[in-house]
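Letters go in sequence order (proteins before strands), and every chain restarts at 1.
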Amino acid sequence: MLTTAPKGTKDVLPGESYQWHYIENIMREVCRVYGYDEIRLPTFEHTELFLRGVGDTTDVVQKEMYTFEDKGGRSITLKPEGTAGAARMFVEHALYNEALPKRLYYLNSAHFRYERPQAGRYREHHQFGVEVFGAPQSAIDAEVIMLAMAVLRRAGLPNLEVELNSIGCSKCRPAYSQALKEYLHAHEDELCGTCRERMERNPLRVLDCKVEGCKAVAAAAPKPVDYLCQECAAHFESLKAYLQMENVKFRVNPFIVRGLDYYTRTVFEILSPDLGAQSTVCGGGRYDGLIEAVGGPQVAGIGFGMGMERLLLALEKMNVDIPKPERVQLYVAPMGEEASLAAFDLVSRLRQAGVKAETDCVGRSLKAQLKYANKLDCAFVAVVGSDELAGGAWRVRDMMGGEETTRTPEEIFQMLTEATK
RNA sequence: GUGGAUAUAGCUUAGUUGGUUAAAGCGCCAGGUUGUGGCCCUGGAGAGCGUGGGUUCGAGUCCCACUAUUCACCCCA
């Protein structure tokens, strides 16, 4: 117990952190080009925020939140998703008074959901995500989807599928809900137990039930797309036109409705079909009513979340080549105390000059040091003993070929600092 | 929350029909010339077999429970 990480959590080991850096750099770089600014938000929020923002009928809120009372008697929840917190920040700091739209992103943001872990699903996972406030036009929907695709493509992920849907707005939703409920009532006996329950409260969710009987009912059910009001329909058409113009392949999937209540109009998912059961790498949509729901003015919003562990898992499954971290440029192998001091000094100078260098600090024999340097995959090893100290020239071994030259410490310093320039 | 699978050294595994001090490869450490790596050789450290019960003269090997891991459902990133 003591030496086991809690269920559903995962350590990033020293040999794998470079993979995170790889995707983080891509995310930052793509966001830079698209003009998105980074935000960092708290890991926990008042429980109330998620009840109001995400919706208290959703599975996420009802059964997956890590909620507890703090010592001051407040109900606190570790964030299960990122958008509600961003909306809260937007309202709290009155960012709607600044130039809109506000394009924002976050990464390595920890999210918590109490679920049974499995491949690509953790109780604590990290998301890269984007939120844009104050842009109701469909051009932003297209931009956000393209940004997500740009990140995934740059990371090297093949076989991506974009699935798109529109679930309408507060104007057209009631008529649709009505029609859907009537239809579902007529087919109630064909539905599974859960669907019969949620049919009243949250009928949309029946559409993506995976039970065979429900799938059959859902297949013939009224679709949100057929009930869109004129504005929503136009918005959706326009989004599709943007994507087509930019050659973003997508498929309209009338069954994606997403599990968070704040979505309006556009919802989308990006799938990596080779990922197994948890194939959604990225999911998001528009939330034009959320800012108001958390107490702000009426400001449109759209965003997505991308699972970083899932992206990494997909890259691994697809054997995507991630650039290895920089090797140690020089290992200095001293023999004797005096040599150790000289070695320490050269290494310090190299480090200050930005060269990745290392020397012995556990008193190993020369042979053992060379073995160690070999394991580290060092480019060069410099050997210093009493002879070298006396003559002023150290032996420098190229670990690739094995050939040795002699150079003064100053020459070694020059050689390596030149190389990094 | 539901269902299935698995649980032996740091890692990957072997452990015959239950029977002496639990085995191998990799990795780690040290040697194989008194100052030289990657190959090879030798030696060493390291598990008492997930935990707790039970059956038995005797269990890593059988039974039960628990826990953990894992895959799928559900949900979602």
- Hey, does A/Gly120 reach any base, or is it just sugar-phosphate, or nothing, if we go heavy atoms under 4.0 Å? base
- Message: Please give the distance between the P atoms of B/U42 and B/C26 as a whole number of Å.
- Response: 11 Å
- Nearest-nucleotide pick for A/Glu404, side chain only, options being B/C73, B/U36, B/C76: B/U36
- Quickly work out the A/Tyr114 OH to B/G1 C1' distance and round it to whole Å. 10 Å
- Message: Using the side-chain heavy atoms of A/Ser386, tell me which of these nucleotides is nearest: B/G32, B/G35, B/A77.
- Response: B/G35
- Task: Measure from the ring center of A/Phe304 to the ring center of A/Phe128 and say whether it is less than 6.0 Å.
- Result: yes
- Task: For B/G15 versus B/A7, give the span between their C1' atoms, rounded off to a whole number of Å.
- Result: 15 Å
- Item | Quiz item: A/Arg397 side-chain donor-acceptor pair to B/G37 base, under 3.5 Å | yes
- So, is A/Arg121 near the phosphate of B/A72, with a side-chain N or O under 4.0 Å from OP1 or OP2? no
- Message: Quiz question: going by heavy-atom distance under 3.5 Å, is there a donor-acceptor pair between the base of B/G37 and the side chain of A/Asn374?
- Response: yes
- Query: Within the structure shown, what part of the strands sits under 4.0 Å from A/Cys282 by heavy-atom distance: base, sugar-phosphate, or nothing?
  - Reply: sugar-phosphate
- Whole Å only: how far is the NZ atom of A/Lys371 from the P atom of B/C29? 9 Å
- Query: With a non-hydrogen cut-off below 4.0 angstrom, is A/Val281 in contact with a base, only sugar-phosphate, or nothing?
  - Reply: sugar-phosphate
- When the C1' atoms of B/C28 and B/C64 are considered, how many whole Å apart are they? 39 Å
- Is there a donor and acceptor pair, one atom on the side chain of A/Arg310 and one on the base of B/C76, closer than 3.5 Å? yes
- Would you classify A/Gly402 as touching base, sugar-phosphate or nothing, given that sugar-phosphate means primed atoms plus P, OP1 and OP2, and contacts are heavy atoms under 4.0 Å? base
- Looking only at atom P, what distance separates B/A47 and B/A24, rounded to whole Å? 15 Å
- A/Glu309 near the nucleic acid: base, sugar-phosphate alone, or nothing, with a heavy-atom cut-off under 4.0 Å? nothing
- Across the strands shown, which category fits A/Glu388 at heavy-atom distances under 4.0 angstrom: base, sugar-phosphate, nothing? base
- Task: To the nearest Å, give me how far apart CG (A/Leu313) and C1' (B/A77) are.
- Result: 12 Å
- What's the CG-C1' distance between A/Leu271 and B/A77, to the nearest Å? 12 Å
- Task: Between A/Gly283 and A/Met335, just flag the one whose closest nucleotide in RNA chain B comes earlier from the 5' side.
- Result: A/Met335
- Starting at CD of A/Glu163 and ending at P of B/C76, how long is that distance when rounded to a whole Å? 15 Å
- What integer number of Å spans the P atoms of B/U8 and B/U51? 10 Å
- State whether A/Lys63 places a side-chain N or O below 4.0 Å from either non-bridging phosphate oxygen (OP1 or OP2) of B/C75. no
- Note on the structure: Against the side chain of A/Lys367, the closest entry in B/U2, B/U36, B/G31 is B/U36
- Give a yes or no on whether A/Glu403 atom CD has more than 12 heavy-atom contacts from other residues, nucleotides or ligands under 6.0 Å away. yes
- Query: B/C66 pairs with which nucleotide, Watson-Crick or G-U wobble, both distances below 3.5 Å?
  - Reply: B/G50
- State yes or no: are the ring centers of A/Tyr36 and A/Tyr105 separated by less than 6.0 Å? no
- Item | Sugar-phosphate only, base, or nothing, as touched by A/Arg364 at under 4.0 Å among non-hydrogen atoms | sugar-phosphate
- Item | Options B/C76, B/G37, B/A68, nucleotide nearest the side-chain atoms of A/Thr4 | B/A68
- Item | Nearest-Å distance for atom pair CG/P, residues A/Asp360 and B/C29 | 12 Å
- Item | Cation-pi check, A/Arg265 onto A/Phe236 ring (under 6.0 Å, within 45° of axis) | no
- Item | Of the listed nucleotides B/G3, B/U69, B/G35, the one nearest the side chain of A/Arg395 | B/G35
- Item | A/His125-B/A77 aromatic stacking (under 5.5 Å, under 30°) | yes
- Rounded to whole Å, NZ of A/Lys375 lies from P of B/C26 at a distance of 13 Å
- Item | Most 5' of A/Pro6 and A/Tyr263 on RNA chain B, judged by nearest nucleotide | A/Pro6
- Message: Please classify the nucleic acid contact of A/Ala119 as base, sugar-phosphate, or nothing, using heavy-atom distances under 4.0 Å.
- Response: sugar-phosphate
- B/G25 and B/C62, which share atom name P, separated by this distance in whole Å: 27 Å
- Output field: ring centroids A/Tyr331/A/Phe380 closer than 6.0 Å: no
- Hunt down the Watson-Crick or G-U wobble partner of B/A22, both distances under 3.5 Å, from any strand shown, or write none. none
- Task: Begin from the C-alpha positions of A/Arg121 and A/Glu309 and carry the test salt bridge (Lys or Arg N to Asp or Glu O under 4.0 Å) through to its verdict.
- Result: CA-CA 8 Å; A/Arg121 191 168 84 186; A/Glu309 284 87 351; over 6 Å; no
- Item | Syn or anti for B/G32 (syn when the glycosidic angle lies within 90° of 0) | anti
- Task: Determine the Euclidean distance between corresponding P atoms of B/A5 and B/C63; express it in Å to zero decimal places.
- Result: 13 Å
- Item | Base partner of B/G1, which must satisfy Watson-Crick or wobble distances under 3.5 Å | B/C73
- Message: Roughly how many Å apart are B/G43 and B/G48, using the P atom of each and rounding to a whole number?
- Response: 24 Å
- Message: Does B/C71 have its OP1 or OP2 closer than 4.0 Å to a side-chain nitrogen or oxygen of A/Gln118?
- Response: no
- Task: Whole angstrom is fine here: how far is it from OH in A/Tyr122 over to P in B/A77?
- Result: 16 Å
- Message: Strictly below 4.0 Å: does A/Gln369 bring a side-chain N or O up to OP1 or OP2 of B/U36?
- Response: no
- Query: At what distance, to the nearest 0.5 angstrom, does CZ of A/Arg351 lie from NZ of A/Lys356?
  - Reply: 10.5 Å
- What pair of heavy atoms forms the shortest contact from A/Ala155 to A/Tyr22, and how long is it? O-OH, 2.8 Å
- Message: Please give me the minimum heavy-atom distance between A/Val217 and A/Tyr183, naming the atom from each residue.
- Response: O-OH, 2.7 Å
- Note on the structure: Answer for the Watson-Crick or wobble partner of B/A30, both distances under 3.5 Å, is B/U42
- Message: So which atom in A/Cys31 and which in A/Leu147 form the shortest heavy-atom distance, rounded to 0.1 Å?
- Response: SG-CD2, 4.4 Å
- Task: Look at all strands and tell whether A/Tyr372 reaches a base, only sugar-phosphate, or nothing, counting heavy atoms closer than 4.0 Å.
- Result: nothing
- Could you check whether A/Glu81 gets within reach of a base, just the sugar-phosphate, or nothing at all, counting any heavy atom under 4.0 Å? nothing
- Scanning all shown strands, the Watson-Crick or wobble mate of B/U17 with both distances under 3.5 Å is none
- What does A/Met308 touch in the nucleic acid at a heavy-atom separation under 4.0 angstrom: a base, only the sugar-phosphate, or nothing? nothing
